[in-house]
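See below for the structure under consideration.
Start at 1 with the first residue, then count along the sequence.
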Amino acid sequence: MSELNFPLKPAMRGWLHAGMFPATVAAGIVLICLATTPAARAACAVYAVSAWMLFGVSALYHRFTWGPRGEAVLRRLDHSNIFLIIAGTYTPVTILLLHGARQQVLLWLVWAGALAGIAFRVFWVGAPRWLYTPCYLALGWAAVFFLPDFFRTGGVAVTVLIIIGGALYSVGGVIYGLKRPNPSPRWFGFHEVFHACTLAAFIVQFVGVSLVAM
């Protein structure tokens, strides 16, 4: 069959995030309930909600056809949620592993960056990939200078999990920006590879957050 006869979206588009959404709901509730302090529960709630938004909206956006207006709204939400999950993931590890001025600096940095990024994607949804993809990567690695602090207070396992998760998110971002590799435009294209990377990254960092919070 010619590629001209392929559907507009690969057949697997959105299914990975659709399957992940109920898993994140269950895992998030468990994480919140098992967190050991009120601060940990609040921080984990922020993290869980950001994950629910990311996977839930992505599943809705990619699984169905919404028409021009619906597509525009959901695309804005979908792209904005990437900034939200970055700041949401940083929230529990920052609150629970950092203290004093360094805690405040990193929290302000990631949330101000996330809000700026959300405004950017909402008001310029048609921005080129080469412009907004590096913004995700830059915010995602905002804590690179705080890794020694995470290592000192969280230990080797937590720090390694944070780094591996960040690397997987970054690999996914590069694949999304380059649109390569694109193994099967009909079934499982570059976007699905990107989504697979986000799933793996979330799982790895969820384990890290759990070690910190519980």
Side-chain angles (χ1 to χ4, degrees), residues 7-29 31-32 43-92 107 109-140 142 165-166 168-177 179 189-203 205-206 209:
L8 293 177
K9 297 180 180 180
M12 289 296 296
R13 179 65 54 85
W15 278 115
L16 292 177
H17 281 187
M20 191 64 175
F21 173 66
T24 61
V25 172
I29 292 172
L31 179 64
I32 295 167
C44 288
V46 172
Y47 173 50
V49 170
S50 70
W52 301 342
M53 290 289 293
L54 178 77
F55 293 110
V57 170
S58 177
L60 284 175
Y61 173 47
H62 291 106
R63 278 307 309 148
F64 304 102
T65 301
W66 297 92
R69 180 167 301 201
E71 290 277 334
V73 171
L74 284 172
R75 186 182 182 195
R76 285 175 168 84
L77 289 173
D78 183 56
H79 288 202
S80 296
N81 284 335
I82 298 174
F83 288 110
L84 188 63
I85 189 66
I86 293 171
T89 304
Y90 270 128
T91 297
L107 277 178
L109 177 64
V110 295
W111 278 104
L115 292 174
I118 289 170
F120 170 41
R121 296 306 294 134
V122 167
F123 293 108
W124 192 11
V125 70
R129 288 174 190 246
W130 61 261
L131 182 59
Y132 63 80
T133 300
C135 295
Y136 295 133
L137 297 175
L139 185 62
L168 288 168
Y169 275 126
S170 297
V171 169
V174 171
I175 291 170
Y176 176 80
K179 300 185 179 181
F190 77 92
H191 208 103
E192 287 62 57
V193 179
F194 161 57
H195 279 187
C197 288
T198 65
L199 260 66
F202 175 80
I203 291 169
Q205 292 193 336
F206 181 86
V209 172

Less than 4.5 Å apart, side chain to side chain, heavy atoms only: is that true for [X] and [Y]?
X: Ser58; Y: Asn81; value: no
X: Thr198; Y: His17; value: yes
X: Leu109; Y: Tyr90; value: no
X: Val46; Y: Trp111; value: yes
X: Arg13; Y: Glu192; value: yes

Assign the ring pair [X] / [Y] to parallel, tilted or perpendicular, where the plane angle (0 to 90°) is split at 30° and 60°.
X: Tyr176; Y: Phe190; value: tilted
X: Trp66; Y: Phe64; value: perpendicular
X: His62; Y: His195; value: perpendicular
X: Phe202; Y: Phe55; value: perpendicular

Which pair of heavy atoms, one from [X] and one from [Y], lies closest together, and at what distance?
X: Gly113; Y: Phe83; value: O-CD2, 4.4 Å
X: Val209; Y: Pro92; value: CG1-CG, 3.8 Å
X: Ala45; Y: Ile32; value: CA-CD1, 3.7 Å
X: Leu84; Y: Ser50; value: O-CB, 3.6 Å
X: Arg76; Y: Arg121; value: CG-O, 3.9 Å
X: Ile175; Y: Cys197; value: CD1-SG, 4.1 Å

Reported [atom1]-to-[atom2] distance for the pair [X] and [Y], which is rounded to 0.5 angstrom:
X: Ile86; Y: Leu139; atom1: CD1; atom2: CG; result: 4.5 Å
X: Ile82; Y: Ile118; atom1: CD1; atom2: CD1; result: 11.0 Å
X: Ile85; Y: Tyr169; atom1: CD1; atom2: OH; result: 5.0 Å

field: Worked verdict on Gln205 versus Leu168 for side chain to side chain contact (heavy atoms under 4.5 Å, CB included)
entry: CA-CA 10 Å; Gln205 292 193 336; Leu168 288 168; over 6 Å; no

query: Passes side chain to side chain contact (heavy atoms under 4.5 Å, CB included), Phe120 versus Leu131? Steps please.
result: CA-CA 11 Å; Phe120 170 41; Leu131 182 59; 4.0 Å; yes

Greater than 12 external heavy atoms within 6.0 Å of Trp52's CH2: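 For Trp52, atom CH2 is crowded (more than 12 foreign heavy atoms under 6.0 Å).
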
Taking ring-ring contact (aromatic ring centres under 6.0 Å, His included) as the test, write out the residues that go with His79, two or more places apart.
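Counting only residues at least two positions away or on another chain, His79 forms a ring-ring contact (aromatic ring centres under 6.0 Å, His included) with Tyr132.
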
- Query: Does Glu71 reach the main-chain N or O of Pro68 with its side chain, forming a donor-acceptor pair under 3.5 Å?
  - Reply: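 It does not hold such a pair.
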
